[in-house]
Amino acid sequence: MAQDKPAEQARPQAGQLETVIVTAQRRSENIKDVPMAITTLKGEKLDVLTSGGQDIRFLSGRTPSLNIESDYGRSFPRFYIRGQGNTDFDLNASQPVGLVVDDIVQESPMLKGFPVFDVDQVEVLRGPQGTLFGRNSPAGVIKFDSAKPQIGKSDGYATIGIGNYRARNLEGAVNLPISDTVAARISVQSQNRDDRVHNGRPGNGTKNFEGYHDDALRLQVLVKPTSAFSALFNVHARDMDGSATLFRSNILKKGSNELVDGFEYSRYDTDGVNEQRLSTEGASMRLRLDLSGVTLHSITGYESADFYSRADVDGGYGAVYAQPMGPGYANQAAFIPFVVETADVLPKHRQFTQEFRAESVNSGPLQWIAGLFYFNEDIQIDSISFDSLAPGNPQNPFFATQTQDTKSWAAFGSLNYTVSDKFKVRSGLRYTNDKKNFAAKRVELTTAGPFGISNDSKNVSWDISGTYALSADSNLFARIATGYRAPSMQGRLNGLADRPSFAEAEKVLSYEAGIKQDLFNRRARLSASVFQYRVKDKQLTAGSGQINMNQLINADKVTGQGVELDFQANLSDALRMTLGGSYNNTEIKDSDLFVQTCGNEPNTKGVNGCTPTGVAGPFAYTQKLNGNPLPRAPKWQGNFTLRYSVPVADGEFFAYTDWAYRSTYNMFLYEAKEYKAKSLVEGGLRMGYKWDNYEVAAFARNITDKVQSVGAIDFDNLTGIVNEPRTLGVQLKATF
């Protein structure tokens with residue numbers, strides 16, 4: 001099979017880097033031979049990044065062109081690759097970045113935040129993945145592969161960590177060899193933290209915030225009765241109870257992106273209730289049969305989620321102009337113009353997927369893959385209104401309900417052909433058929449709706465790529481690829497006159513080329529690429545500028561171009577380094593498209609919410625989008641790690657530092673001084689001692705304790721979202 005590796009690569013000499021094996025093309029291959037931009041994370045680097053109990057957002061900025069954020073907290077992460085993402089906060093939001101966990105696509109945003117533990121490798125595939133991974137991956141795919149059971153082997157590990165804010169983090173796994181043909185692996189994680197933010201004026205609201213209990217479990221059973229057949233069963237679940245994101249009213253200085261004087265992270269004055277609960281369950285079955293010349297795969301997956309999140313979205317204390325500011329900053333003349341306290345609920349969600357795939361297994365120049373894929377998802381979303389200062393909660397009858405049923409099937413295939421010892425070409429093709437039925441209604445004193453939207457969409461995606469070996473250690477690659485994002489529908493109706501919104505399918509055409517090279521007798525490795533893409537009918541999300549609403553829109557065209565770099569090296573026996581960076585230049589190209597800006601009319605105190613800086617639109621308090629970059633798309637990103645180790649007594653002392661940088665970005669589609677995020681540098685440090693089967697370490701995340709606004713709610717009260725402060729702690733790990 002193509003999985004086989006040359007002996008000299010499989011067993012690196014002292015000081016050489018390991019060969020990296022990826023499954024980006026649904027086969028196990030040396031990363032150097034895959035003609036696309038890929039970054040992997042595994043082992044100690046993952047241990048360091050997750051040491052403080054961080055959720056999946058710890059990956060943000062740790063590979064080129066990758067950004068991850070959330071307006072919900074530890075749930076609903078939003079992914080961006082090469083500037084392409086989606087700021088939509090509705091619970092049925094689609095994203096142009098696919099997430100695949102153990103070969104199962106995670107479509108719902110509620111599934112995408114599953115904790116990262118006992119993971120063998122993370123692969124970040126940049127650029128369209130429309131052929132082998134399909135719909136809703138025009139920007140790329142993030143792929144997680146859990147550590148698998150191993151027959152005949154008994155081992156495991158356990159990690160205990162404690163930190164500031166009374167954080168307690170437990171993680172462990174054990175591999176159980178049940179018989180000569182059966183093995184199981186049990187993996188668990190429990191992340192806990194006490195509240196660290198206090199409400200000085202709780203009233204009927206929540207007193208303290210930002211504590212959580214987040215538990216997850218994965219059980220896998222491998223059955224391999226013969227050398228030709230295997231079955232891998234996976235059952236997993238998550239139970240999380242904590243706080244929703246804190247929307248902090250009026251924390252931005254008027255006319256700038258600086259936090260107001262006197263800002264205190266640990267205080268948040270609000271009249272609202274804040275709580276969030278998420279439970280997910282899932283199971284999968286992966287069957288593999290090796291026949292003469294071909295391997296057959298069947299992958300069946302089921303996922304479900306139950307979600308409740310309630311927050312004070314206006315971000316402060318008081319009804320209409322009753323209190324200055326909100327969270328305790330009385331030195332700025334700003335107000336809370338209206339009460340917005342809501343709960344978003346996912347009372348019903350289920351997802352079923354099935355894939356059949358066949359791949360060639362031969363030594364000839366031609367290799368192929370062919371498969372069929374089916375996807376079915378049913379969801380219901382409720383949006384409920386509250387007001388903790390008014391009698392009667394929830395504020396019945398004021399709520400909106402959405403239902404969505406999605407069915408999709410696809411046929412796909414790829415060909416790899418070895419033209420010569422130096423030149424190899426690949427191509428792929430996928431046909432996708434999507435059908436979506438959507439309905440939304442609003443209930444007040446009377447009922448509006450349900451308003452239904454049905455859509456059938458078809459697409460053909462393709463790619464062609466090639467590699468050319470300059471030498472045994474250096475490959476050039478080039479790739480042309482297309483991708484497709486299915487149509488989207490939204491219906492968070494506000495008032496009886498509101499109607500659902502609809503966005504047509506988006507399609508992307510991407511070009512990239514680069515080099516992958518081992519250097520200095522394989523003690524260093526370089527990967528560099530340049531890319532350019534064009535998206536037709538780009539799906540975007542526009543806020544109202546005044547109320548807690550989304551509207552889907554299509555931009556005629558969006559372009560992006562940039563450069564990416566990955567470098568790693570063993571500088572000496574004691575020093576190891578990695579360095580990564582990216583430049584992304586995105587631009588919306590649609591001369592007719594405009595949106596409302598924040599505070600689309602002066603409040604009764606004569607103060608607008610923010611300071612728009614872009615080109616004015618055709619109506620008051622609107623802005624044209626032509627020429628603007630995509631939201632939350634920093635032009636520059638960089639990451640750096642350095643590990644030092646030295647033998648001490650019968651063990652090893654080590655120190656590992658990691659840093660990530662990103663430049664400024666627009667928080668929304670329009671441009672405003674307050675809503676242009678400042679550049680940010682965040683670093684971490686982990687140092688400790690290893691001996692025998694034990695390790696003890698101290699860690700710090702965000703060691704500079706830099707706190708600033710990284711997101712916002714564009715009401716007319718300058719409500720911001722800040723990054724997490726410094727966390728400190730110690731860990732003990734035992735392997736057996």
Could you check whether atom NZ of Lys507 has more than 12 heavy atoms from other residues, nucleotides or ligands sitting under 6.0 Å from it? no

Proximity of Phe76 and Phe89 rings by center, below 6.0 Å: no

Under-4.0 Å salt bridge between Arg701 and Glu682: no

Once you measure the plane-to-plane angle for Phe209 and Tyr268, does it fall in the parallel (<30°), tilted (30-60°) or perpendicular (>60°) bin? perpendicular

Any chance CZ of Arg534 has more than 12 other-residue heavy atoms, nucleotides or ligands included, within less than 6.0 Å? no

Using a 3.5 Å distance criterion without hydrogens, assess whether the side chain of Gln539 forms a donor-acceptor pair with backbone atoms of Ala486. yes

Is there a side chain to side chain donor-acceptor pair (under 3.5 Å) between Asp314 and Ser249? Walk through the geometry before answering. CA-CA 6 Å; Asp314 63 65; Ser249 174; over 6 Å; no

Would the distance check show the side chain of Asn433 and the main-chain N or O of Lys458 forming a donor-acceptor pair, the cut-off being under 3.5 Å? no

Lys624 atom NZ: more than 12 heavy-atom contacts under 6.0 Å: no

Keeping the roles fixed (side chain from Ser309, backbone from Ala244), state whether a donor-acceptor pair exists under 3.5 Å. no

Take Ser108 and Glu377 through the side chain to side chain contact (heavy atoms under 4.5 Å, CB included) test and state the conclusion after the steps. CA-CA 9 Å; Ser108 168; Glu377 181 187 53; 3.8 Å; yes

Would you call Arg310 and Glu341 a salt bridge, using N to O less than 4.0 angstrom? yes

Please test Glu504 against Asn554 for side chain to side chain donor-acceptor pair (under 3.5 Å), starting from the C-alpha separation and ending with a verdict. CA-CA 7 Å; Glu504 298 283 355; Asn554 286 107; over 6 Å; no

Under 3.5 Å: donor-acceptor pair, side chain of Ser137, backbone of Gly98: no

With Glu69, which of Arg662, Arg632, Arg57 fulfils salt bridge (charged side-chain N to carboxylate O under 4.0 Å, His left out)? Arg632

Any donor-acceptor pair under 3.5 Å from Lys436 side chain to Pro487 backbone: yes

Please check if the number of heavy atoms outside Lys676 that lie under 6.0 Å from its NZ is greater than 12. yes

Could you go step by step and tell me if Tyr665 and Asn67 meet the side chain to side chain donor-acceptor pair (under 3.5 Å) rule? CA-CA 11 Å; Tyr665 58 76; Asn67 188 28; 5.4 Å; no

Looking just at side-chain N and O atoms, do Asn92 and Gln490 make a donor-acceptor pair shorter than 3.5 Å? yes

Closest heavy-atom contact between Gly130 and Ser461? O-CB, 3.8 Å

Does the Ser582 side chain pair with the main chain of Pro64, one donor and one acceptor, at a distance under 3.5 Å? no

Kindly compute the distance separating CG (Asn250) from CZ (Phe263), expressed to the nearest 0.5 Å. 12.5 Å

Residue pair Phe307 / Ile381, side-chain heavy-atom distance below 4.5 Å: no

Taking Glu506 as the fixed residue, which of Lys536, Lys557, Arg485 is the one that meets the salt bridge (charged side-chain N to carboxylate O under 4.0 Å, His left out) rule? Arg485

Heavy-atom donor-acceptor pair, Thr482 side chain to Trp462 backbone, under 3.5 Å: yes

Yes or no on side chain to side chain contact (heavy atoms under 4.5 Å, CB included) for Ile588 and Leu540, after CA distance, side-chain angles and deciding distance? CA-CA 10 Å; Ile588 299 170; Leu540 300 171; 4.2 Å; yes

Test side chain to side chain donor-acceptor pair (under 3.5 Å) applied to Thr39 and Asp566, step by step: CA-CA 8 Å; Thr39 300; Asp566 259 325; 2.4 Å; yes

Donor-acceptor contact present, side-chain Asp90 to main-chain Gly491, <3.5 Å: no

Cationic N near anionic O, under 4.0 Å, Lys112 to Asp55: no

Counting distance only, does the side-chain N/O of Asp714 pair as donor-acceptor with the main-chain N or O of Cys598 below 3.5 Å? no

Tell me which one of Glu564, Arg82, Gln637, Gln84 satisfies side-chain hydrogen bond (donor to acceptor under 3.5 Å, both in side chains) with Ser65. Glu564

